[in-house]
Structure formats: structure tokens, C-alpha cells
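Here the structure is laid out as C-alpha cells; the discussion comes afterwards.
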Amino acid sequence: MKPPPLDYIRAFTTQDILSVLANAGSDTRILAGGQSLMAMLNMRLAQPSILIDIMHVGELTGVTIEHGKTVIPAAVRQAELAEWQGLSKTLPLLAQMMPWIGHAQTRSRGTVCGSIAHADPSAELPLALITLDGEVALRSRKRRRVVQAADFFSGTMLTCKEDDEFIEAVRFPVSDGKAGTAFREIGRRKGDFAIVSCAAIARGKSVRLGVGGVNDIPFIRDFDGLEVSGIPDALNELAWSLDARGDLHADARYRRELVRNLGAQVIGEALQCAT
Amino acid sequence: MRNLKAGQKHPVEFELNGRSVKGQAEPRMLLSDFLRHELGRTGTHVGCEHGVCGACTIRIDGRLARACLTLAAQADGTQVETIEGMAPQTGRLSVLQAAFRRHHALQCGFCTPGILMSLDTLLQQNPAAGEDEIRDVISGHLCRCTGYRQIIDAALEAAKSLQKETADA
Ligand SMILES: Cc1cc2nc3c(=O)[nH]c(=O)nc-3n(C[C@H](O)[C@H](O)[C@H](O)COP(=O)(O)OP(=O)(O)OC[C@H]3O[C@@H](n4cnc5c(N)ncnc54)[C@H](O)[C@@H]3O)c2cc1C
Ligand code: FES
Ligand code: FES
């Protein structure tokens, strides 16, 4: 349960990060909050030979609002975002989700971008990014590109990020304050990864439902002109359409049941606060 | 940038409970091991080494951290606080520690240093914390002995005495 031998590089500027990534190969990893990576190193599930600590790069700190988007750079810890004054106004759904990401003891170190890069299918932040139409700003020494959340994730712990790229920031469109939002999840214990999580955004009779923990990638479905009486059937159809699988935490049937129940709860709550 | 090569020991220096400390560590050395083996501060316990049990919980720059998910090299230049810094003086317990003793909030004591660090942080940030907040913070720890009830009772009592202390001050 100890990390393998590796070089530790402490970066102080974005240029430091870019030059190390450009010169080193696929065995280089960014070290952000370490709340997923360090556990993987201890278990030798990852064996990189170089770690680049990005948490001392001043350029990557501080949440801002630019061009109608809330911008969260790579060195912003989850606890810092949760404490940011503007969160509940600009991103009410995300504000509801933050307390469910791990424990106070992991949010204090883990970063927002690190969770997006890690791409765990049960993680709250990828679900939030997809449900809220967020985007990922990637950068390498050669280029900068912006990828929509829906295109960023490609599977369980897989993304379209290249080896020489890092996530400079993630951006969420600022809420217009008119939509109702709700979030719920079920896990064995508060703070554990969710077995199933559901997030809903309602505008009038249009509802978007985001579901985490069931597929390799968080899933969204838009329901237009949804009547309250039609919700159970719509959710039942959705639950069966998802590729629910059984694992050590829960079987497929239970996951479908959670999609139906949590889905109905969050849709109901979102519709209620939209009006 | 600062580059610490694998397989070699490098100096690591930080403030531990208000005093400057120094030691040598390979880049891969965990902060939990650095505290215990290099500095001889065995108050920070080690259970799972993957962030789940909470036994190794400390504070880095005022925020809670798992020492087992932190490299010693990451702590260089920071302010680290561990259970050894909690008692106000030798032979005197903090309000929270004394409440733990009164309520039998520990049996084997393996989980205790981590839980105390978390609850101490909670009560500093939110002296009005109630049972919900206390339970939420304890969810980041595993205790195999007490069943948690006594821990919650101790924390509630400590919160009450600390609130009274500030009201009287
Ligand atoms: C006990 C425990 C419980 C947890 N429970 C939950 C939970 O319920 N929900 C949840 O969502 N998470 C949970 N987590 C994980 C936690 O949220 C992590 O903080 C998060 O997944 C990773 O963020 P990090 O900053 O710690 O990244 P790290 O662990 O430092 O890195 C994770 C991965 O992302 C890469 N990476 C990090 N930042 C960047 C970047 N800017 N650009 C490119 N690559 C990058 C790293 O190279 C690594 O591969 C839990 C963790 C623990 C220890
Ligand atoms: S030893 Fe660090 S959390 Fe278990
Ligand atoms: S007192 Fe024994 S594990 Fe908590």
C-alpha cells in the first residue's frame, strides 16, 4: 500500500506543466487533490513515473464569471467552490450537489477539475457538467481546445484528453434563475460513491433528468411537455433503456428501481420550485 | 519548478503544530509515514491507506486532509496540524478530548486521533454544529468499537461547553 518510485515535480506556472507534459510521455500524471490518484498509487492501480503537482500554480486558482460562464480553474478545491459566495445564485443545481461529493475530509483536498478528469461513472461532478451543458478547457503546449461535456467523457474513467493535455478549467453556463432544480442520490452511507444519483432541471413543462451511477457515462434525457400523470411511465421506459448492470454494490433491478424512484422525486421537486 | 528525483531522498520541511520540523523523504513517501517514521510522531494512525477509514486525518494549511493520500513532498512549506497539537498543555485535555473521555467515545483508540481532528475542525468552523453536522463529519471515519453513539454524545457536549465558553467570554 505504498506508491511506486516516482519523480515529484512541483509546478509554479502553467508553462511548467505544459513543458513537462510535452517532454514526458504517457507515464506522467497530473497530481491535483490526490483524493483519487493517491489511492490508486497506493494500490498500484496506477504506476506513473512522474507526478506534476499543479496546486501551487497561482494562475489556476480562483473561481470567476466570464462571458456568462462560471469558470473553475484546475487548482480550485471542491471545498473552495462550495464556499464560493456566488455558487447558489449562478449554479443552484451544483450547489445542491456539492455536499454529496465524498466527505468533508476529501472535499477539502479534492479539486473540481480532478473529478472531471478522473471520470468516475458515479461521481457527482461529471453528472453536473453533463446535465448543465458545461465544457472542459484543455491545453497542451501545441494547442488549446474546448470540449463540450457530452463529448468529453468516453467511458468508465476514460475521457478524450490526450496525454500531453491537461484540464485548465471547467466552465458551467450561469443559470438564468428561472429553472427549478433538484438532486438526490442513494449510497450505502452518506459520502460513499452513489449507487444511483439523479439531477433534474425544470422549465415550465420541460424537464431534463441526469442520471449517474448506472451507465459508464452519466446519462441525460430531455422530456418536453411532461404531464405529471405521465412521469411514472416515462421513467419506467427510461430505466429499462439504460444499460443497468449489477455489481458488488447493487444489482441491475435495484438500480432500475432507484432510477424510477429518485427520478420521480427530483422531477417533482424541480417542477415545484420552477413555478 | 522543483523536481524531486525518484529513488533519492530530499529534504522536506514544514511547520508541525506551530514548530518547524525537517526530515528526508523519497518523493513517493506518504505524509503519514513521514510523520510516524521520519519524525517519530505516532499520534497520526494508519488504517487503510486509501482514504476510507479516516484514522490518518490531519490538517494542512487549516483544512482537513488524509495523510495517507498526501505525499510528504506535497506538505513541504505548509502548516501541518496533528493530534499531538490538540491538548492545550501536557496533562490537560482539550474540551473535546475531555468530553471523549467522559462519554467513553473511544475503546481501542485506533480511530480516535482522526475523528478528533475532524470534530475539532467542525467545532472551530461551526461552534453551533448540531447532531446532523456532527454525523455528517463522522461519516468520513470508521470506528469498529463504539457504534458512534458515544462519539456523537461527546461531540454534542463539547459543542455546548464551547458555545457557553464563547458566550461567557
Ligand atoms: C473516501 C473517499 C470518498 C470519495 N467519495 C466520492 C464521491 O462520493 N463522489 C465523488 O465524485 N468523488 C468521491 N471521491 C473522489 C474525490 O472527489 C476526488 O477528489 C476526485 O475524484 C479527484 O479529484 P482530485 O483533485 O483529488 O484529483 P487527483 O486524485 O489528484 O487526480 C485524479 C485523476 O485526474 C487527473 N487529473 C487531476 N487534475 C487534472 C487536470 N487538471 N488535468 C488533467 N488531469 C487531471 C490525475 O492525473 C488523475 O488521473 C472520494 C474520495 C475518497 C478518498
Ligand atoms: S489510513 Fe488514511 S484514511 Fe485510512
Ligand atoms: S475506538 Fe476502536 S476503532 Fe474507534
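Numbers restart at 1 for each chain; the letters A, B, ... are given by sequence-line order, proteins then strands. Computed over heavy atoms, backbone and side chain alike; hydrogens, waters and symmetry mates excluded.
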Of the backbone (N, CA, C, O) and the side chain (C-beta and beyond), which part of [X] lies under 4.5 Å from a heavy atom of chain B, both, or neither?
| X | answer |
| --- | --- |
| A:L51 | side chain |
| A:D53 | side chain |
| A:S19 | side chain |
| A:M1 | both |

Can you give me the closest heavy-atom contact between [X] and [Y], atom names plus distance?
| X | Y | result |
| --- | --- | --- |
| B:L30 | A:K2 | CD1-CD, 4.3 Å |
| A:Q105 | B:G140 | OE1-CA, 3.7 Å |
| B:R63 | A:A79 | NH1-CB, 3.4 Å |
| A:S108 | B:A65 | OG-N, 4.4 Å |
| B:T70 | A:R109 | CG2-NH2, 3.9 Å |

At a 4.5 Å cut-off on heavy atoms, which part of [X] comes close to chain A: side chain, backbone, both, or neither?
| X | result |
| --- | --- |
| B:D33 | side chain |
| B:T57 | side chain |
| B:H141 | both |

Chain A: which of B:Q74, B:R135, B:H50 shares the most heavy-atom pairs with it under 4.5 Å?
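The answer is B:Q74.
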Any chance [atom1] of [X] has more than 12 other-residue heavy atoms, nucleotides or ligands included, within less than 6.0 Å?
| X | atom1 | answer |
| --- | --- | --- |
| A:R44 | CZ | yes |
| A:R189 | CZ | yes |
| B:H37 | NE2 | yes |
| A:R145 | CZ | yes |
| B:R101 | CZ | no |

Look at the side chain of A:D7 and the backbone N and O of B:A6, then say whether any donor-acceptor pair between them is shorter than 3.5 Å.
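Answer holds: yes.
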Would the distance check show the side chain of A:R10 and the main-chain N or O of B:A73 forming a donor-acceptor pair, the cut-off being under 3.5 Å?
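Yes, because the side chain of A:R10 sits within donor-acceptor range (under 3.5 Å) of the backbone of B:A73.
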Greatest number of heavy atom pairs closer than 4.5 Å to chain B - which of [options]:
| options | result |
| --- | --- |
| A:P99, A:P3, A:A39 | A:P3 |
| A:V20, A:L31, A:I17 | A:L31 |
| A:A11, A:G34, A:G33 | A:G34 |

Just verifying a value: how many Å separate [X] [atom1] and [Y] [atom2], rounded to the nearest 0.5 Å?
| X | Y | atom1 | atom2 | result |
| --- | --- | --- | --- | --- |
| A:M55 | B:D61 | CE | CG | 11.0 Å |
| B:K5 | A:I9 | NZ | CD1 | 6.5 Å |
| B:N3 | A:I50 | CG | CD1 | 7.5 Å |

Does a side-chain heavy-atom distance below 4.5 Å link B:L31 with A:M38?
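Of all side-chain heavy-atom pairs linking A:M38 with B:L31, none is under 4.5 Å.
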Would you sort out whether A:I52 and B:M1 count as a side-chain contact (heavy atoms from CB on, under 4.5 Å), showing the intermediate values?
CA-CA 10 Å; A:I52 317 172; B:M1 70 184 110; over 6 Å; no
